[in-house]
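Accompanying notes for the structure given below.
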Amino acid sequence: MRIKKIACIGAGYVGGPTMSVIAQKNPEIQVTVVDLNVDRINAWNNENLESLPVYEPGLDQVVLEARGRNLFFSTNVTKAIEEADMIFISVNTPTKTYGKGKGQAADLKFIELCARQIAEVSTTSKIIVEKSTIPVRTAATIKSILDHTGNGVQFHVLSNPEFLAEGTAIADLQNPDRILIGGEDQGAIQALKNIYQAWVPNERIITTNLWSSELSKLVANAFLAQRVSSINSISELCEATGANVDEVAHAIGQDSRIGSKFLKASVGFGGSCFQKDLLNLVYIARSYNLNEVADYWDQVIRINDHQKTRFAEKIIQSMYNTVNGKKIAFLGWAFKKNTNDTRESAAIYVADHLLEEQAKIAVFDPKVQKHQIYKDLEYLQSRTNSENEYLLEVAEDAYEACKDAHGIAILTEWDEFKDFDWDRIKDNMKKPAFVFDGRKLLDRNRLEELGFIYYAIGE
Ligand code: UDX
Ligand code: ADP
């Protein structure tokens with residue numbers, strides 16, 4: 001089966017970049033990305049490429065090449081579904097905030113809604129591809145809805161999890177370590193394979209059964225998150241013993257059985273995937289009564305929470321056990337560099353902790369918008385919006401954020417922070433001038449020479 005038209009439901013961090021690259025590499029296939037959110041679609045269609053809703057290095061050039069040729073963004077979900085031979089589901093699956101599994105299970109209401117909508121409007125056979133991260137056996141749910149509410153049309157469900165990391169999405173899509181396709185129907189699998197074969201070597205395309213594919217996505221993220229929590233747990237031990245976590249990470253990373261990647265100690269991992277997928281894994285294990293398995297993975301999340309709290313407490317303790325009324329500048333709010341995504345960013349939790357102590361915070365992030373920062377805090381419901389607005393300001397400029405600050409906390413590893421005029425920053429700060437480096441971004445010797453009191457994780 002040759003695919004002529006693709007629809008993708010969900011124009012977010014996954015759907016947008018993934019479909020842009022699929023369209024770029026398959027100019028003969030028409031790709032339409034749809035979303036209920038009108039503002040988001042308008043932003044994708046904006047002539048000004050600076051205004052795309054997702055910031056990813058290199059994304060603008062891909063959009064420029066394919067948009068209007070064979071890549072379209074629209075709010076007409078029904079039409080796109082009706083016309084497509086293949087439909088990708090890339091909607092969000094947040095952690096449930098209510099009812100059974102609250103705080104752990106993934107909320108599948110958006111996925112179910114998509115399945116119902118597909119069933120309702122389809123008049124021709126279609127291949128449905130799960131792109132969003134979802135708990136194991138979701139394909140069965142989708143298939144059941146399609147088969148029972150559809151118009152007797154044939155549907156094949158495939159799992160094709162996305163492994164791109166934000167900030168490097170375009171490079172990851174263009175040169176993936178592997179593409180994973182899970183499914184039952186060989187024809188459907190081949191149809192999806194054909195799309196990737198336009199640029200991905202055959203040996204990097206793995207096919208498995210549906211459940212292995214769904215589970216592999218959760219497990220990949222759990223293993224990566226585990227590495228970060230492992231090194232973060234050691235960072236605390238380093239601080240207590242006089243070891244240096246970078247040196248330890250380098251020494252163990254040279255062992256080819258361990259490897260050097262994902263051993264950067266930090267203020268804690270964030271992002272839309274790690275915590276959500278771990279919670280999901282824990283929930284699934286518990287629901288099968290595998291309590292030891294659940295506890296094992298739960299601990300990875302606990303270390304992460306501990307790392308964020310520990311960083312905030314280090315700031316308070318260093319500043320003579322009180323931050324009440326003191327200005328603390330936050331450099332970075334995004335969960336990592338080169339993205340405007342703030343979901344589960346460590347910055348949110350560190351800020352919340354300090355605001356509880358009545359600190360005054362000034363945030364500067366090169367890509368995150370002001371309203372997003374207040375929205376992130378509002379979500380925690382720790383205090384009213386007006387209290388958040390009174391205690392926290394968002395600065396347009398890093399020097400403004402740091403002016404008259406008692407301390408600076410680095411929460412995101414943006415490269416540009418390294419090149420700041422740190423001498424000028426120090427001159428405009430209250431003394432002693434503290435820097436708390438949650439990303440191990442700056443050079444200790446240089447900062448100490450300038451007269452800063454410098455703390456970095458794991459040193
Ligand atoms: C992750 C997976 O890497 C990706 O394969 C999957 O598709 C989605 O989830 P992402 O969340 O975009 O991607 O970013 P990632 O680079 O994995 O970083 C996650 C968090 O871990 C970030 O907050 C990052 O700063 C932190 N991290 C990562 C560390 O603290 N130390 C490290 O060594 C690596
Ligand atoms: P991700 O990081 O997984 O891409 P996002 O939240 O960035 O998550 O994107 C998911 C998108 O899916 C959102 O823009 C949301 O509006 C969209 N969406 C959710 N449900 C539907 C639906 N039923 N139809 C169309 N779009 C949807």
Side-chain angles (χ1 to χ4, degrees), residues 235 238-239 242 244-247 264-268 307-308 310-338 345-368 370 373 390-459:
S235 73
C238 286
E239 287 170 34
N244 179 311
V245 76
D246 275 343
E247 292 177 355
K264 185 86 190 159
S266 68
V267 57
Q307 191 75 349
K308 294 180 273 189
R310 190 167 88 73
F311 185 69
E313 279 174 358
K314 182 77 197 181
I315 295 178
I316 298 165
Q317 184 214 329
S318 309
M319 294 170 92
Y320 316 109
N321 286 312
T322 176
V323 287
N324 186 322
K326 290 180 184 165
K327 181 177 177 184
I328 301 171
F330 268 40
L331 295 183
W333 190 264
F335 82 97
K336 62 190 278 196
K337 72 174 176 182
N338 292 336
S345 178
I348 305 169
Y349 297 92
V350 175
D352 191 56
H353 197 111
L354 296 173
L355 294 176
E356 275 307 290
E357 296 290 330
Q358 301 285 319
K360 303 274 272 179
I361 296 178
V363 184
F364 170 75
D365 186 288
K367 290 290 172 191
V368 178
K370 186 173 176 174
I373 294 173
Y390 170 72
L391 291 170
L392 182 143
E393 60 173 312
V394 179
E396 293 284 315
D397 162 45
Y399 296 95
E400 200 48 52
C402 297
K403 190 167 185 299
D404 295 323
H406 291 77
I408 296 174
I410 298 178
L411 277 306
T412 313
E413 71 281 21
W414 287 102
D415 289 328
E416 63 184 77
F417 297 168
K418 286 188 262 190
D419 303 326
F420 283 168
D421 183 346
W422 284 97
D423 204 14
R424 174 177 157 204
I425 289 178
K426 203 209 83 207
D427 283 346
N428 292 325
M429 281 175 71
K430 297 263 192 285
K431 306 294 167 341
F434 291 93
V435 169
F436 301 94
D437 192 343
R439 296 293 186 160
K440 303 172 73 61
L441 184 73
L442 304 177
D443 179 32
R444 169 182 295 277
N445 290 338
R446 192 175 140 221
L447 268 93
E448 286 181 345
E449 266 165 33
L450 290 174
F452 283 102
I453 298 181
Y454 179 77
Y455 161 80
I457 299 266
E459 293 177 11

F311 and F436 aromatic ring geometry - parallel, tilted or perpendicular at 30°/60° bounds: perpendicular

F452 and W422 aromatic ring geometry - parallel, tilted or perpendicular at 30°/60° bounds: perpendicular

Using only atom types and a distance under 3.5 Å, with no angle test, would you say the side chain of [X] pairs donor to acceptor with the backbone of [Y]?
| X | Y | value |
| --- | --- | --- |
| Y455 | G438 | no |
| T412 | W414 | no |
| K418 | L441 | no |

Of all heavy-atom pairs between [X] and [Y], which one has the smallest distance, and what is that distance?
| X | Y | answer |
| --- | --- | --- |
| N244 | E459 | ND2-CG, 3.7 Å |
| A359 | L391 | O-CD2, 3.7 Å |
| G332 | A347 | O-CB, 4.1 Å |
| A329 | A401 | CB-O, 3.4 Å |
| F364 | A395 | CD1-O, 3.6 Å |
| K426 | A433 | CG-CB, 3.9 Å |

Stepwise side chain to side chain contact (heavy atoms under 4.5 Å, CB included) check, V435 with I453: CA-CA 6 Å; V435 169; I453 298 181; over 6 Å; no

Atom OH of Y399: over 12 foreign heavy atoms under 6.0 Å: yes

Neighbour count >12 (heavy atoms, 6.0 Å) for atom CD, E416: yes

Contact between [X] and [Y] at the side-chain level, heavy atoms closer than 4.5 Å - yes or no?
| X | Y | value |
| --- | --- | --- |
| I315 | L354 | yes |
| D246 | K440 | yes |
| K370 | V363 | no |
| K327 | K430 | no |
| V350 | V267 | yes |
| R439 | F417 | no |

Salt bridge (Lys or Arg N to Asp or Glu O under 4.0 Å) partners of E356, counting only residues at least two apart: R383

Can you tell me how far the [atom1] atom of [X] sits from the [atom2] atom of [Y], to the nearest 0.5 Å?
| X | Y | atom1 | atom2 | value |
| --- | --- | --- | --- | --- |
| C402 | I328 | SG | CD1 | 12.0 Å |
| M429 | R424 | CE | CZ | 13.5 Å |
| E357 | D352 | CD | CG | 11.0 Å |
| E239 | I457 | CD | CD1 | 6.5 Å |
| N428 | D404 | CG | CG | 7.5 Å |
| H353 | K308 | NE2 | NZ | 12.5 Å |

Face-on cation placement of K326 at F434 ring, 6.0 Å and 45° thresholds: no

Between Y349 and Q307: side-chain donor-acceptor atoms closer than 3.5 Å: no

Side-chain donor-acceptor pair present, D437, Y454, cut-off under 3.5 Å: yes

Sole candidate of L411, V368, V394 that passes side-chain contact (heavy atoms from CB on, under 4.5 Å) when paired with W333: V368

Sequence-distant partners of D415, side-chain hydrogen bond (donor to acceptor under 3.5 Å, both in side chains), two or more places apart: K337

Those residues that, when tested against F335, pass side chain to side chain contact (heavy atoms under 4.5 Å, CB included) (two or more places apart): E166, T339, D341, S345

